[in-house]
Amino acid sequence: MEPADMTSHGDDALSSRTGAPGGDDRLSEDRSLLQQRLAVRELLDTEVSYLHVLQLCASDIRSRLQQLPQGDLDVLFSNIDDIIKVNSRLLHDLQETASREEEQVQLIGNTFLEFQEELEQVYKVYCASYEQALLLVETYRKEPELQREIQGIIEAVLPQAGPSGLSFLLVIPLQRITKYPLLLQKILENTLPDASAYAVLQRATSALQDVVTNINEYKRRKEVASKYTKVEPLSLRERLARINTHTLSKKTTRLSQLLKQEAGLVPRTEDKEFDDLEEKFHWVSLCVTELKSNVAAYLDNLEAFLRFRPQDYNLEIPGGPVVQYCYLARDLQLQAFPEFKQQLEAQVWQPLCSLAKALAGPQNLIKKRLDKLLDFERVEEKLLEVGSMTYEEEAARHTYQALNSLLVAELPQFNQLAMRWLSQILCAFVTLQRDLAKQVLQRAEDSLAQLPHHHLSEPAFRKLVEDALGQTSHQLHAFQENFEKVLPPPTTQPLLPGAERQVQALLSRYGPGKLYQVTSNISGAGTLDLTLPRGHIVALLQNKDTKGNSSRWLVDTGGHRGYVPAGKLEVYHVVPTEEELRGQARPHKDSQHQTPEPTSAPVPSVPTVTQVVAVYPFVARSSHEVSLQAGQRVTVLEAHDKKGNPEWSLVEVNGQRGYVPSSFLARAPSPAPWGWSLPS
Amino acid sequence: MSRIPFKIGQPKKQIVPKTVERDFEREYGKLQQLEEQTKRLQKDMRKSTDADLAMSKSAVKISLDLLSNPLCEQDQDFLNMVTALDTAMKRMDAFNQEKVNQIQKTVIEPLKKFGSVFPSLNMAVKRREQALQDYRRLQAKVEKYEEKEKTGPVLAKLHQAREELRPVRDDFEAKNKQLLDEMPRFYNSRLDYFQPSFESLIRAQVVYYSEMHKIFGDLTQQLDQPGCPDEQRERENEARLSELRALSIVADD
């Protein structure tokens with residue numbers, strides 16, 4: 001950057017006219033003092049006019065450049081307001097020193113030392129955006145109409161800007177900051193080395209030089225960084241377009257270099273310092289990405305937890321703890337938890353996302369650095385072999401060095417800042433948990449206070465609940481039993497018309513004594529097992545299976561034969577149909593119901609006297625038979641007739657004796673109380 | 001036969017008074033509603049506790065992963081913080097498990113038990129219905145014979161039919177009465193049944209969140225970070241981000 005000399009040339013001419021070279025000491029001393037004073041005045045005067053120009057730019061010119069968008073103005077003028085602030089204070093302090101003539105130079109030195117940091121900070125920013133500002137100026141220049149307007153505005157305010165107008169103005173701060181070391185140097189040259197001011201001034205001069213160096217370095221880094229940090233989302237076509245022979249050769253040479261390194265053919269440029277930094281950065285990245293995904297999982301689970309609302313169900317319970325709970329749960333779900341979730345997202349999740357995103361830049365740079373390193377090593381090799389390198393190769397070397405120094409300088413800061421932020425985020429997480437607990441606890445304790453047993457200690461309450469639940473469990477069990485006692489209808493279930501025919505068929509084949517009714521649904525498991533609905537009538541074939549298992553009976557359903565569990569069968573008493581009744585009135589040759597033939601000779605029979613009950617009414621048709629009424633108790637004298645036919649029994653009822661069909665009698669001595677016991 | 005006035009097999013006389021039927025339906029209806037609500041409540045409570053456990057587990061994972069990062073070996077402060085966090089998370093997880101166990105025992109199990117009565121009830125209602133059908137059918141049969149000309153065979157059949165009807169009618173009446181008695185009792189039992197469960201539920205929350213408040217309160221103090229209001233924290237985060245962005249190596253976006 002070439003400093004534009006805005007000082008008048010008069011002073012120089014003056015200094016060259018007075019005093020012949022090689023004058024006596026006192027004269028040179030006086031001359032030095034004069035020069036010094038002039039230099040000081042130059043410093044102050046130029047500062048005044050500098051500040052004045054700045055202010056004109058910032059206020060008058062900027063405000064009149066209305067045809068430019070605000071974004072452009074921000075880039076062009078950057079942080080000129082901050083510069084004005086700093087420089088105003090600087091000027092003020094410098095002007096104050098004028099009152100203390102003796103120590104003025106020293107005070108000036110001190111002032112600059114004080115302002116060193118601020119100047120660097122504020123000019124750094126301006127310089128960094130200067131390049132972009134120039135680009136904008138170029139674009140304006142291409143539009144003649146716009147250019148004319150801009151020029152007109154500038155000339156109206158600052159005629160000395162000349163034809164280059166905007167670019168002339170924008171470079172002024174850069175020129176100024178580089179001028180400070182020169183101005184101070186001029187004062188220093190004319191200061192006696194043993195003066196107390198000298199040391200201070202010397203320090204100030206070198207300080208300002210450092211400022212300029214730093215600003216330049218900062219600018220360069222920004223340029224390098226902006227070139228490599230961006231991960232541009234390229235489309236496939238764009239990616240393909242980027243691959244040309246140049247990049248391809250670059251990649252292959254890098255790969256071969258890496259391979260050579262790995263094979264030990266080429267010494268790897270060991271940089272312990274960098275490796276340590278990179279390792280730490282790697283761990284920091286790992287920490288951030290893991291934490292981010294864990295927090296995401298936590299938030300997902302929180303969301304799932306909030307999805308379920310047990311308080312929404314209505315058990316029609318008007319008061320008490322149930323209602324208390326519903327209020328509490330609703331309150332928590334509408335307020336406490338959503339607030340917690342929101343705060344988590346804002347104070348933990350969002351920062352983590354930003355932190356994770358920030359990792360991308362350094363990651364890319366580290367990768368690029370390695371690439372360039374491989375290039376660099378190859379270049380070094382070539383240098384050894386050939387003795388020279390191309391311009392491109394030289395550029396690779398510079399880029400690697402720039403990247404390396406950039407990373408070495410900034411990675412430690414990055415790591416430190418990232419760690420600091422991580423710690424803060426974790427603390428936020430913890431604090432939010434505490435706050436949530438407080439919120440929930442407040443509300444829950446309010447609910448608790450209204451509960452009947454709130455005065456009880458927790459162990460006492462738990463015992464109480466256990467006992468209560470045990471009791472109610474019994475009660476429930478009782479209810480369940482009661483409901484289950486509602487038995488199926490009694491075994492003497494009237495048949496559906498279709499079944500009657502089937503029963504008749506079975507009856508005619510097997511006889512009434514062999515008929516059983518299914519008392520509850522049977523589902524057969526094996527191939528020989530039957531599946532039968534409740535109420536079905538079957539005839540017994542065998543009261544045990546082939547293995548001798550007497551709880552498994554072989555039956556005939558009239559269509560199929562198979563096994564059924566004996567426990568689900570009850571003896572079936574046939575309700576005699578019309579035909580049967582008629583059939584019993586007259587003898588059938590083939591009817592199994594033979595009328596008993598009275599014989600005079602008593603047939604010896606084993607007297608089996610039992611009390612039975614007549615289940616069905618029976619009308620006696622002959623003098624050998626006796627009538628029965630349903631439910632009547634009868635005494636069985638003989639369980640068969642004179643011919644030994646067990647289908648007729650000799651009974652005594654109401655003082656009368658006679659024969660009745662055996663199947664009309666219930667085997668059980670007293671009618672089983674079908675039904676259930678009413679709950680006590 | 002264009003119009004059949006009565007369904008075949010259906011009695012003409014209304015054997016069950018309308019009021020009785022209405023009462024029965026009302027009571028049963030309430031219980032059916034209750035059944036559904038308790039079923040869904042039980043399912044939802046279980047899902048809620050599962051999600052609760054999952055949340056706690058993922059919190060533990062946060063500190064576990066942090067602890068396993070090599071940064072802990074290098075940075076003592078970080079190690080201290082992460083260790084303290086890990087301890088807190090593990091303790092909270094234990095308390096959470098305890099809370100869930102208590103809820104399981106005093107809320108979910110009882111809900112299940114309550115629900116298990118309903119199948120028996122429904123079966124009993126079915127049987128009553130079955131009995132009612134049988135009753136209707138036999139009643140119709142009796143009525144059929146009653147309408148016929150009173151001949152000998154007809155009388156015999158009528159008598160027979162009446163004999164068949166009697167036990168079935170008694171059966172139905174008994175079933176009906178039993179259910180009409182039991183159903184309201186069962187329905188009302190819910191009041192006493194559920195109150196302890198929900199009381200327990202509230203208390204379990206109090207116990208858990210008291211611990212949580214204490215543990216995280218202590219941890220906050222230990223980490224030496226005062227609780228700052230939300231806006232301040234937002235500014236802090238903005239500041240941290242700007243610091244990072246100020247570095248050249250961090251990409252601007």
Side-chain angles (χ1 to χ4, degrees), chain A residues 221-222 225 229-230 283 287 290 294 297-298 301-302 304-305 308 310 313-315 317 320-322 325 347 351 354 358 360-362 365 410 413-414 417 421 427-428 430-431 433-434 437-438 440-441 444-445 447-448 451 465 468-469 472-473 476 479-480 482-484 486 489-490 494 630 675, chain B residues 37 40-41 44-45 47-48 51-52 54-55 58-59 61-62 65 69-71 106 110 113 117 120-121 124 127 131 163-164 167 171 174-175 182 186 191 193-196 198-202 205-206 209-210 212-213 216-217 219-220 223 225 227 233 237 240-241 243-244 247-251:
Chain A
R221 282 189 192 167
K222 269 260 182 249
T229 51
K230 294 215 197 310
W283 292 337
C287 197
E290 264 182 355
N294 284 340
Y298 181 82
N301 285 328
L302 176 59
F305 175 69
F308 302 117
Y313 299 108
N314 187 8
L315 301 172
I317 298 180
V322 177
Y325 172 74
Q347 295 176 24
S354 304
L365 283 177
E410 293 203 342
Q413 281 182 336
F414 183 91
L417 291 173
W421 202 2
C427 288
V430 168
T431 315
Q433 299 280 347
R434 181 201 64 185
K438 184 160 159 211
V440 175
L441 194 56
E445 276 175 343
S447 292
L448 179 62
L451 294 178
V465 166
L469 286 176
T472 46
S473 177
L476 279 182
F479 275 120
Q480 194 169 358
N482 287 341
F483 289 131
E484 277 172 3
V486 177
Chain B
Q37 293 291 303
R40 284 169 61 196
L41 176 61
D44 249 21
M45 284 239 72
K47 283 199 190 143
S48 173
D52 199 347
M55 215 166 88
S58 56
K61 186 163 193 289
I62 287 176
D65 283 346
N69 193 303
L71 282 173
T106 60
K113 276 202 191 129
V117 177
S120 309
L121 167 66
R127 291 196 193 114
E163 290 303 310
E164 280 172 34
D171 179 42
K175 283 183 164 81
E182 289 291 301
F186 178 50
L191 294 171
Y193 189 67
F194 288 122
Q195 303 291 25
F198 281 84
E199 199 173 338
S200 171
L201 189 56
I202 296 179
Q205 310 289 336
V206 170
Y209 283 100
S210 313
M212 186 174 169
H213 187 235
F216 283 112
L219 187 56
T220 315
L223 295 178
Q225 290 261 343
R233 190 153 278 135
N237 283 319
R240 294 290 89 72
L241 185 59
E243 276 172 2
L244 277 178
L247 293 176
S248 315
I249 60 175
V250 175

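A note on names: the letters A, B, ... follow the listed sequences, proteins ahead of strands, and every chain is numbered from 1.
Residues Ile317(A) and Gln195(B) meet the side-chain proximity criterion, which asks for heavy atoms closer than 4.5 Å. Looking at heavy atoms from C-beta onward, Phe216(B) lies out of side-chain contact with Thr431(A) at the 4.5 angstrom threshold.
To the nearest 0.5 Å, atom CZ of residue Phe414(A) and atom CG of residue Leu247(B) are 7.5 Å apart. Here the straight-line distance linking atom OH of Tyr193(B) with atom CG of Leu476(A) works out to 4.5 Å at 0.5 Å rounding. The distance from atom CE of Met55(B) to atom CZ of Phe305(A), rounded to the nearest 0.5 Å, is 6.0 Å.
The heavy-atom pair separating Arg434(A) from His213(B) by the smallest distance is O-CD2, 3.6 Å. Pairing each heavy atom of Phe483(A) with each of Ala124(B), the nearest pair is O-CB, 3.5 Å. Heavy atoms only, all atoms of each residue included: Pro321(A) and Ile202(B) are closest at O-CD1, 4.0 Å. Contact detail for Leu241(B) and Ser354(A): the closest heavy-atom pair is CD1-CB, 3.8 Å. The two residues Val250(B) and Pro362(A) have their closest heavy-atom pair at CA-CD, 4.5 Å. Nearest approach of Ala304(A) to Ala51(B), heavy atoms of both residues: C-CB, 4.1 Å.
Proximity to chain A involves both the backbone and the side chain of Asp52(B), based on heavy atoms less than 4.5 angstrom apart. The contact between Val465(A) and chain B is made entirely by side chain atoms (from C-beta outward), counting heavy-atom distances below 4.5 Å. Of the two parts of Leu244(B), the backbone and the side chain both hold a non-hydrogen atom closer than 4.5 Å to a non-hydrogen atom of chain A. Contacts of Glu163(B) with chain A are made by side-chain atoms alone, with heavy-atom separations under 4.5 Å and no backbone atom involved. Contact of Leu302(A) with chain B is made through backbone and side chain together, with heavy-atom distances under 4.5 Å. Only the side chain of Glu290(A) comes within less than 4.5 Å of a heavy atom in chain B; its backbone stays farther off.
Top candidate by heavy-atom pairs under 4.5 Å with chain A, chosen from Lys47(B), Arg240(B), Lys113(B), is Arg240(B). Note on Ser120(B), Gly217(B), Ala59(B): by heavy-atom pairs under 4.5 Å with chain A, the leading option is Ser120(B). Between chain A and the options Thr106(B), Asp65(B), Asp44(B), Val117(B), heavy-atom pairs under 4.5 Å are most frequent for Asp44(B). Of the listed residues Gln413(A), Glu445(A), Gln480(A), the one with more heavy-atom pairs under 4.5 angstrom with chain B than any other is Gln480(A). Considering only heavy-atom pairs separated by less than 4.5 Å from chain B, the leading option among Leu451(A), Asn294(A), Leu469(A), Thr472(A) is Asn294(A). Contact tally against chain B (heavy-atom pairs below 4.5 Å) for Ala428(A), Ala468(A), Ser447(A): the top residue is Ala428(A).
For the side-chain contact (heavy atoms from CB on, under 4.5 Å) test, residues two or more places apart in sequence or in another chain that qualify with Gln37(B) are Tyr313(A), Asn314(A), Leu315(A), Arg40(B).
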